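Contents: one structure, followed by commentary.
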Amino acid sequence: MTGFGRSELKSDQGRIRVEIKSTNHKFLEISSRLPAHLSEFEDLVRKIVAREIRRGKIMLFVSSPDPAVFSSRLVLNEGLARQVHQNVLKLRRTLRLPEEAAAPAAVLSEVLRYPEVLTRDSSNSSGAAYAKKLSGAVSLALANFQRSRAAEGKALERDFTGRLAEIRRALAGIEKRLPAVAKAYRAGLEQRVKGILPGAEIDRERLTLEVALYVKNSDISEEVTRMKSHIDAMKKALREAGELGRKIDFIAQEMYREANTMGAKSQDVAIANHVITVKSAIEKIREQAQNVE
């Protein structure tokens, strides 16, 4: 299902903006776009989205405060720096290096290059606070997103209900036509026999047997009954909560199977036209079922 949700929250690190969009997709596919300095929060936001959404191609956008807000603080290890400095000077004296090589700038450069003299403080308390705010912003955007999808869901439900009513009308036409099928077949068969053997006496008993055999082989009353049962099952499913897309698609597959059987068994033109209407409506239901979560 398609949908759109947006949120905006203030945090100590700056304003957080989140947008969530979706297009129809059979499975769940999340594409998140976070600035590079917020990459550590990507798993967090994806998990929040996955808890709420089951199907669709989801696009998630998060705006960011100034990257400098998340910069780590540099920490100077003063004791180590003094030891390195003393050792550097001692080494220069031992090696009898020229005096200019011991200039403060040169010595300072060598001290700073020594590992662990300058380190980054990884204990950034603002990160945890920002994660909490970001989670809230994503949840708020999801709530708006779900309201958008709920409106589309209502429209889809109306469409499904209309398609089912269309199928019901076609089945009513088929049932109305069934009693006349045997008569039409008998009349057509008599006409063909008379055309082939003009003036010949028709064997009424054999004719009745042929009609009975035709009626038996082309009887679709069971398929019509099962089709009505599937319609009731789908109506019930539309009133249920939870994931409905796959269930609706499964029922529609069963309905299509019954329609195929009706079309194969019946040779009546009027019934065949009704079956085409039924299959067309089922196809549209199946297409829409791919969009339902």
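Just so we're clear, the structure is a prediction, and the values are computed from it rather than from any experiment.
- The minimum heavy-atom distance linking Ser32 with Arg46 is given by the pair OG-NH1, 3.5 Å.
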Criterion side-chain contact (heavy atoms from CB on, under 4.5 Å) on Val18 and Leu140, from CA distance to verdict | CA-CA 9 Å; Val18 177; Leu140 181 58; over 6 Å; no
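- Under the 4.5 Å side-chain contact rule for hydrophobic residues, Leu89 and Leu80 share a cluster.
- Taken from CD in Glu40 to CG in Leu34, the straight-line distance is 10.5 Å, to the nearest 0.5 Å.
- Closest of all the heavy-atom pairs between Ala259 and Ile282 is CB-CD1, 4.3 Å.
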Stepwise side-chain contact (heavy atoms from CB on, under 4.5 Å) test for Ile220 and Val275 | CA-CA 11 Å; Ile220 58 173; Val275 170; 5.6 Å; no
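- The minimum heavy-atom distance between Ala137 and Ser7, with the atom names listed, is O-OG, 2.5 Å.
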Under the side-chain contact (heavy atoms from CB on, under 4.5 Å) criterion, do Met227 and Thr261 qualify, and how do the steps go?
-> CA-CA 11 Å; Met227 183 71 79; Thr261 304; over 6 Å; no
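- With values rounded to the nearest 0.5 angstrom, Asp249 atom CG is found 9.5 Å from Arg246 atom CZ.
- Checked for salt-bridge contact, Arg257 and Glu254 meet the test: a charged N lies under 4.0 Å from a carboxylate O.
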Under the salt bridge (Lys or Arg N to Asp or Glu O under 4.0 Å) rule, what do Lys284 and Glu287 come out as? Steps first, then yes or no, please.
-> CA-CA 5 Å; Lys284 289 169 183 173; Glu287 288 175 8; over 6 Å; no
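- Residues passing the side-chain contact (heavy atoms from CB on, under 4.5 Å) test with Asn260, sequence neighbours excluded: Tyr256, Lys279.
- Counting heavy atoms from C-beta outward, Met59 and Thr23 have side chains that approach closer than 4.5 Å.
- Inter-residue side-chain proximity for Glu175 and Lys228 is flagged as met; some heavy-atom pair is nearer than 4.5 Å.
- One hydrophobic cluster, built from ILVMFWY side chains closer than 4.5 Å, cannot hold both Val49 and Phe4; they sit in different ones.
- Leu9 is not connected to Phe61 by any chain of hydrophobic side-chain contacts under 4.5 Å among Ile, Leu, Val, Met, Phe, Trp and Tyr, and they are in different clusters.
- Using a 4.5 Å heavy-atom threshold, the side chains of Lys133 and Lys10 count as separate.
- What you find for Ile248 and Phe160 is that their closest heavy atoms are CD1-CE1, 4.1 Å.
- Gln146 approaches Glu52 most closely through the heavy-atom pair NE2-O, 3.1 Å.
- One finds the CD atom of Gln86 at 8.5 Å from the CZ atom of Arg82 (value rounded to the nearest 0.5 Å).
- Taken from CG in Leu134 to NZ in Lys132, the straight-line distance is 13.5 Å, to the nearest 0.5 Å.
- Listed for the Thr277 side chain is a donor-acceptor partner under 3.5 Å among the backbone atoms of Asn273.
- Under the rule for a side-chain contact (heavy atoms from CB on, under 4.5 Å), the partners of Arg169 that lie at least two apart in sequence or sit in another chain are Ala165, Glu166.
- Here the closest heavy-atom approach between residue Ser139 and residue Ile48 is recorded as OG-CG2, 4.0 Å.
- Counting only heavy atoms from C-beta outward, the side chains of Arg286 and Gln253 approach each other to under 4.5 Å.
- Interatomic distance, NZ of Lys21 versus CD1 of Ile58, reported as 12.5 Å (0.5 Å rounding).
- With values rounded to the nearest 0.5 angstrom, Lys247 atom NZ is found 3.5 Å from Glu240 atom CD.
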Begin with the C-alpha distance, continue with both residues' side-chain angles, and end with the deciding distance and a verdict on side-chain contact (heavy atoms from CB on, under 4.5 Å) for Leu171 and Met262.
-> CA-CA 11 Å; Leu171 291 178; Met262 285 191 285; 4.3 Å; yes
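- In this structure, Glu222 places its CD atom where only 12 or fewer heavy-atom neighbours from other residues, nucleotides or ligands lie under 6.0 Å away.
- Among the candidates Asp159, Ile251, Ile167, the single residue satisfying the side chain to side chain contact (heavy atoms under 4.5 Å, CB included) test with Ile285 is Ile167.
- Atom CZ of Arg6 is surrounded by 12 or fewer heavy atoms from other residues, nucleotides or ligands within 6.0 Å.
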